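In this text the structure is predicted, and so the values were computed from the model without any measurement. Hydrogens, waters and symmetry mates are skipped; everything else that's a heavy atom, side chains included, is used.
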Amino acid sequence: GESLQSFEYSLKFFGFETRSGENIGAEYRRIGEGIRTPFRISDSLQIESGEYWWNEFRLSASSFESRTLSASVFVSAGQFFEGTNNRLKLSSSWRVNKNLRLGAIYDVNNIKMSQGDLVTNLFSSRADFAFNANTFGSLLGQWSSAADQFIFNFRLRWIPVIGTDFYLIVNQIYD
């Protein structure tokens with residue numbers, strides 16, 4: 001028989017964007033997940049197999065990304081499997097010049113379940129750079145408290161001839 005795999009319904013009941021690119025919004029989400037195999041989200045919290053439905057409310061605001069300095073904030077609150085989750089995500093970006101952009105993100109989840117509580121923190125910083133129109137890349141560093149690990153990612157893309165792309169990607173995980 002068929003069973004639910006994943007469902008998401010979103011209703012944006014408030015939102016606007018200015019001519020200069022700033023935006024703000026509020027939305028309601030109805031989420032369904034069909035879990036076939038139990039899995040752990042931490043050492044003490046496990047999601048059992050079954051069908052889960054929950055509601056979530058979101059608020060977001062951001063400035064125009066192409067500005068020299070830009071920022072965004074995202075807040076959500078609602079149910080999460082058999083518990084609740086409150087989330088805050090802050091991001092910022094600095095366009096140093098036409099060839100370099102620096103950014104940072106802080107993302108925290110406060111999960112409360114009958115089995116216990118879990119707070120996850122994610123810190124991320126990124127540099128995007130362009131040497132010229134055919135050579136560009138990015139450098140990403142990210143630390144996750146849930147996994148207790150630091151992830152390093154370097155990507156370089158070179159287009160010697162249109163239609164021929166060369167990629168160099170390096171991933172490293174430290175825990």
Side-chain angles (χ1 to χ4, degrees), residues 4-33 41 52-81 83-112 117-147 149-159 162-163 165 167-169 171:
L4 173 72
Q5 182 177 3
S6 196
F7 173 88
E8 181 178 320
Y9 173 78
S10 178
L11 175 63
K12 192 165 193 174
F13 55 88
F14 172 77
F16 70 89
E17 183 173 337
T18 65
R19 285 186 188 183
S20 58
E22 282 69 33
N23 67 64
I24 189 167
E27 70 180 287
Y28 159 80
R29 290 187 346 148
R30 177 74 173 157
I31 302 163
E33 291 290 340
I41 58 173
Y52 297 89
W53 290 91
W54 67 88
N55 302 302
E56 179 183 79
F57 295 92
R58 294 178 161 199
L59 297 172
S60 61
S62 64
S63 60
F64 186 48
E65 287 185 357
S66 293
R67 293 185 189 278
T68 302
L69 294 173
S70 64
S72 69
V73 62
F74 169 88
V75 177
S76 70
Q79 300 160 312
F80 179 74
F81 290 98
T84 62
N85 183 25
N86 295 317
R87 181 179 177 200
L88 170 66
K89 181 178 179 182
L90 304 171
S91 62
S92 63
S93 177
W94 175 32
R95 187 174 301 279
V96 179
N97 57 40
K98 68 178 185 172
N99 298 329
L100 178 63
R101 181 178 181 163
L102 304 175
I105 296 173
Y106 172 63
D107 193 349
V108 61
N109 285 275
N110 186 359
I111 300 168
K112 295 187 181 300
D117 300 343
L118 173 66
V119 175
T120 66
N121 292 282
L122 181 72
F123 297 94
S124 177
S125 62
R126 180 180 185 121
D128 295 307
F129 49 89
F131 296 110
N132 56 48
N134 297 332
T135 309
F136 41 94
S138 67
L139 181 64
L140 171 74
Q142 180 175 292
W143 179 78
S144 166
S145 68
Q149 61 185 201
F150 179 78
I151 298 169
F152 169 80
N153 173 270
F154 171 76
R155 288 182 287 172
L156 182 66
R157 181 178 179 192
W158 175 45
I159 308 170
I162 299 299
D165 294 19
Y167 292 90
L168 172 65
I169 301 171
N171 289 310

* Asked: If we only count heavy atoms from C-beta on, is the Ser144 to Thr120 side-chain gap below 4.5 Å?
  -> no
* What are the two closest heavy atoms between Ala77 and Asn86, and how far apart are they? -> CB-OD1, 3.2 Å
* **Ring centres under 6.0 angstrom apart (Phe7, Trp53)** => yes
* Asked: Taking it one step at a time, do Leu59 and Phe14 satisfy side chain to side chain contact (heavy atoms under 4.5 Å, CB included)?
  -> CA-CA 9 Å; Leu59 297 172; Phe14 172 77; over 6 Å; no
* To do: Before accepting this row, confirm whether a basic side-chain N of the pair Arg29/Glu27 lies closer than 4.0 Å to the acidic partner's carboxylate O.
  => no
* Asked: What are the two closest heavy atoms between Arg58 and Phe74, and how far apart are they?
  -> NE-CZ, 3.5 Å
* To do: Check side chain to side chain donor-acceptor pair (under 3.5 Å) between Ser76 and all other residues, then give those that pass, not counting sequence neighbours.
  => none
* Asked: Above 12 or not: heavy atoms from other molecules or residues under 6.0 Å from CD of Gln5?
  -> no
* Any residue meeting ring pair (Phe, Tyr, Trp, His ring centres under 6.0 Å) with Phe136, in chain and number order, not counting sequence neighbours -> none
* To do: Let me know which of Ser91, Ser62, Ser93 forms a side chain to side chain donor-acceptor pair (under 3.5 Å) with Ser72.
  => Ser91
* What residues form a side chain to side chain donor-acceptor pair (under 3.5 Å) with Ser60, not counting sequence neighbours? -> none
* **Partner residues of Val96 under the side-chain contact (heavy atoms from CB on, under 4.5 Å) criterion, sequence neighbours left out** => Trp94, Leu100, Leu102
* Exercise: identify the closest heavy-atom pair between Leu139 and Phe129 -> N-CE2, 4.1 Å
* Asked: Partners of Tyr28 by ring pair (Phe, Tyr, Trp, His ring centres under 6.0 Å), sequence neighbours excluded?
  -> Phe57
* **Test side-chain contact (heavy atoms from CB on, under 4.5 Å) applied to Tyr52 - qualifying residues, sequence neighbours left out** => Ile35, Ile47, Glu48, Trp54, Phe81, Glu82
* Test item: Gln79 side-chain N/O and Asn55 main-chain N/O as donor-acceptor pair under 3.5 Å -> yes
* Asked: Okay, side chain of Asn109, backbone of Val119: is any donor-acceptor separation there less than 3.5 Å?
  -> no
* Asked: Where is the tightest heavy-atom contact between Asn171 and Ile169, given as atom of each residue plus distance?
  -> ND2-CG2, 4.0 Å
* **Nearest heavy-atom neighbours spanning Leu118 and Ile41** => CD2-O, 3.7 Å
* Mind checking salt bridge (charged side-chain N to carboxylate O under 4.0 Å, His left out) for Arg30 and listing every partner two or more places apart, or none if nothing turns up? => none
* Distance, nearest 0.5 Å, that separates CG of Asn99 from CG of Asp128 -> 12.0 Å
* Considering residues at least two apart in sequence or located in another chain, which fulfil the side-chain contact (heavy atoms from CB on, under 4.5 Å) criterion with Val73? -> Ala61, Val75, Leu88, Leu90
* **Pair listing, salt bridge (Lys or Arg N to Asp or Glu O under 4.0 Å) test, anchored in residues 91-107, at least two apart** => Arg87-Asp107
* Selection residues 10-21 - residue pairs positive for salt bridge (Lys or Arg N to Asp or Glu O under 4.0 Å), sequence neighbours left out -> none
* Structure fact -> Rounding to 0.5 Å, atoms CZ (Arg126) and CG (Asn153) come to a distance of 7.5 Å
* Asked: Does Leu168 have any side-chain contact (heavy atoms from CB on, under 4.5 Å) partners at least two apart in sequence or in another chain, and if so, which?
  -> Phe154, Leu156, Phe166
* How close do Leu140 and Ser124 get, heavy atom to heavy atom, and via which atoms? -> CD1-OG, 3.3 Å
* To do: Please collect all salt bridge (Lys or Arg N to Asp or Glu O under 4.0 Å) contacts where either partner lies in residues 66-81, sequence neighbours excluded, each pair once.
  => Glu22-Arg67
